[in-house]
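All remarks here apply to the structure that follows.
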Amino acid sequence: MAWCMQDKESSWLKIVEQIKTCTLCPLHKYRRNPVPGEGSLNAEIFFLGEAPGRREDEMGRPFVGAAGQLLNKLLEDINIKRSEVFITNVVKCRPPNNRDPKDDEIRACSVYTDSLISLIRPKVIVTLGNHAGRYIFEFLGNRRWLGISKIRGKVYEVNLRLDLRVKVIPTYHPAAALYNPQLREALESDFKLIVKALSEVRGEGRRPTLLNFIKH
Ligand code: URA
């Protein structure tokens, strides 16, 4: 479906309003601020993280704490501006004491996660950590999730049950890499795959065919 920018903006605002008043799972009881996500509604790249932490809960914005600083640096290294991408999490409210989100909570929040993916229709989805990877692979992609360390390091073509075919790049969560140089190296190498995937979806680097000349 082709969206005009005004439609997109108003659909986004509706989703934000629903998240602000959401009581679908128990996490709403603990939140200071829900964290719907942020970024460009026309983003080609969609980042899916795990859950807001303390800073995110205070600010109502995703990835603004220490893991966010690393995410910013990783994006900078591949020359992609944070404002060009869209970032959200599998749950939009902070779990108490930063515990892992539970399956029921991820499932309850999927109504918003799926609406955001359908609204933005990204070309590339980068999943950060096990929960996000499993969500895209198993829940939306009907594929087996074998755990992040087995699956990372490659670009996957996945048909999501949202009538959308995307390239998926599963990688570690930046928080896990903060004090682990090996995981950080793996993250840096996976981020280079984003550039490759993007140039593929944009059709860059392809040899021009006769059709290209006719088109111009
Ligand atoms: N970790 C996440 O998974 N998401 C955030 O927004 C912040 C930290």
Side-chain angles (χ1 to χ4, degrees), residues 12 15-16 18-20 22 25-28 30-41 43 45-76 80-117 120 122 124-140 145 147-149 151-152 168-180 183-184 186-188 190-191 194:
W12 159 244
I15 299 169
V16 171
Q18 287 165 354
I19 294 173
K20 276 188 184 161
C22 179
C25 87
L27 294 183
H28 76 275
Y30 314 105
R31 71 177 173 228
R32 273 213 239 172
N33 290 294
V35 181
E38 68 180 21
S40 165
L41 300 182
I45 312 168
F46 188 104
F47 283 87
L48 188 62
E50 185 175 305
R54 190 171 57 82
R55 281 296 284 157
E56 289 77 19
D57 178 62
E58 279 167 10
M59 313 264 296
R61 294 182 54 209
F63 284 95
V64 288
Q69 299 297 313
L70 178 52
L71 178 62
N72 293 347
K73 172 78 174 65
L74 289 159
L75 283 171
E76 205 181 296
I80 290 179
K81 292 195 191 80
R82 188 165 154 141
S83 58
E84 287 172 48
V85 305
F86 193 87
I87 308 174
T88 190
N89 291 298
V90 287
V91 294
K92 318 292 176 282
C93 300
R94 182 192 183 200
N97 302 316
N98 292 351
R99 66 154 168 76
D100 278 9
K102 296 181 181 167
D103 276 358
D104 289 359
E105 295 159 352
I106 295 175
R107 224 175 280 269
C109 215
S110 68
V111 55
Y112 309 120
T113 311
D114 295 359
S115 299
L116 289 169
I117 296 174
I120 292 162
V124 179
I125 296 184
V126 183
T127 62
L128 304 170
N130 256 307
H131 291 288
R134 191 159 67 83
Y135 183 74
I136 295 294
F137 267 64
E138 289 196 341
F139 207 81
L140 288 186
W145 177 251
I148 187 65
S149 46
I151 282 193
R152 64 148 288 273
V168 179
I169 303 177
T171 191
Y172 290 114
H173 194 286
L178 281 175
Y179 306 103
N180 184 327
L183 295 195
R184 178 149 178 172
L187 254 174
E188 284 168 357
D190 291 346
F191 266 60
I194 302 176

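The basis for the numbers below is simple: all heavy atoms, side chains too, and nothing from hydrogens, waters or symmetry mates. One-based numbering along the sequence shown. Every number for a ligand or one of its atoms is a count from 1 in the order of the listing.
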Tabulation required: pairs of a nitrogen or oxygen in ligand 1 and a protein nitrogen or oxygen under 3.5 Å; columns are atom names and distance to 0.1 Å; otherwise 'none'.
residue: ligand 1; atom: 1 (N); partner: Ala51; partner atom: O; Å: 3.4
residue: ligand 1; atom: 1 (N); partner: His173; partner atom: NE2; Å: 3.2
residue: ligand 1; atom: 3 (O); partner: Glu50; partner atom: N; Å: 2.8
residue: ligand 1; atom: 3 (O); partner: Ala51; partner atom: N; Å: 3.2
residue: ligand 1; atom: 3 (O); partner: Ala51; partner atom: O; Å: 3.4
residue: ligand 1; atom: 3 (O); partner: Asn89; partner atom: OD1; Å: 3.3
residue: ligand 1; atom: 3 (O); partner: His173; partner atom: NE2; Å: 2.7
residue: ligand 1; atom: 4 (N); partner: Ala51; partner atom: O; Å: 3.0
residue: ligand 1; atom: 4 (N); partner: Asn89; partner atom: OD1; Å: 2.8
residue: ligand 1; atom: 4 (N); partner: Asn89; partner atom: ND2; Å: 3.4
residue: ligand 1; atom: 6 (O); partner: Phe63; partner atom: N; Å: 2.9
residue: ligand 1; atom: 6 (O); partner: Asn89; partner atom: ND2; Å: 3.0

(request) Verify whether one side chain among Asn97 and Tyr30 offers a donor that lies under 3.5 Å from an acceptor in the other. (result) no
(message) Within the 4.5 Å heavy-atom criterion, are Thr88 and Leu48 side-chain neighbours or not?
(response) yes
(request) Would you kindly say whether Arg184 and Asn180 are connected by a side-chain donor-acceptor distance under 3.5 Å? (result) no
(message) Give me the atom names and distance for the closest heavy-atom approach of His131 to Asp100.
(response) NE2-OD2, 3.2 Å
(message) If I take atom CD1 from residue Ile120 and atom OG from residue Ser115, how far apart are they, to the nearest 0.5 angstrom?
(response) 10.5 Å
(request) Can you measure from OH (Tyr172) to CD (Glu188) and round to the nearest 0.5 angstrom? (result) 13.5 Å
